[in-house]
Amino acid sequence: MFVHSVYFWLKPELSASEKQTFLKGLDSLTKIHSVRYGWYGKPAATDRPVIDRTYSYGLVVVFDNEAGHDAYQSDSVHDAFRGLKDLWINVRIYDFET
């Protein structure tokens with residue numbers, strides 16, 4: 001399995017409508033054909049010194065293999081989501097294989 005984890009720091013001044021657009025975009029990413037599993041959400045309420053809760057939303061999508069990830073990267077839905085980049089100030093990506 002190939003796991004793709006993405007963390008977004010949204011601009012603080014976003015309107016409710018812009019936040020909804022962002023969330024619809026996240027949801028669309030979980031429906032791309034090569035995605036086996038997909039989840040997104042806000043940071044959990046856990047509180048320990050090693051936990052980073054500074055991000056606004058996280059996305060985790062799981063693929064069967066790296067080829068599935070590569071297909072996701074070039075999918076038109078993913079390309080459309082990239083068009084929302086003005087809604088966030090920072091993004092961090094962590095990929096790993098199981």
**OP:** Using the side chain to side chain contact (heavy atoms under 4.5 Å, CB included) rule, take E97 and H69 through it: C-alpha gap first, then chi angles, then the decisive distance, then the call.
**Re:** CA-CA 11 Å; E97 294 180 272; H69 167 267; over 6 Å; no

Subject >> Selection residues 4-30 - residue pairs positive for salt bridge (Lys or Arg N to Asp or Glu O under 4.0 Å), sequence neighbours left out >> reply: D27-K31

**OP:** Could you list the residues that satisfy side-chain contact (heavy atoms from CB on, under 4.5 Å) with S34, not counting sequence neighbours?
**Re:**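 If we apply the side-chain contact (heavy atoms from CB on, under 4.5 Å) test to S34, skipping adjacent residues, the hits are I32, F63, A71, Y72.
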
Subject >> Which atom of L29 lies closest to which atom of V61, heavy atoms considered >> reply: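 Between these two residues, the closest heavy atoms are O-CG1, 4.5 Å.
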
4.5 Å side-chain heavy-atom contact, [X] and [Y]:
X	Y	answer
W39	L59	no
L26	Y57	yes
Y7	Y94	yes
L10	I89	no
D64	M1	yes
F8	N90	no

Subject >> Donor-acceptor pair, side chain of W9 and main chain of T54, under 3.5 angstrom >> reply: yes

Original post:
Quick one: does R53's side chain have a donor or acceptor within less than 3.5 Å of a partner on D47's backbone?
Top reply: no

Subject >> Member of V62, V3, T30 meeting the side chain to side chain contact (heavy atoms under 4.5 Å, CB included) criterion with Y37 >> reply: V62

Subject >> Steps toward side chain to side chain contact (heavy atoms under 4.5 Å, CB included) verdict (R92, V6) >> reply: CA-CA 6 Å; R92 288 286 178 254; V6 187; over 6 Å; no

In the single-linkage hydrophobic clustering (I, L, V, M, F, W, Y; side-chain heavy atoms under 4.5 Å), do [X] and [Y] co-cluster?
X	Y	value
L87	I93	yes
Y55	V60	no
V77	V91	yes

Original post:
Among side-chain atoms of W88 and S56, is any donor-acceptor pair under 3.5 angstrom?
Top reply: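 On atom types as modelled, these side chains do not qualify, holding no pair under 3.5 Å.
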
**OP:** May I ask you to decide if the ring planes of F22 and F81 are parallel, tilted or perpendicular, using 30° and 60° as cut-offs?
**Re:**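 Tilted: the ring planes of F22 and F81 meet at 30° to 60°.
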
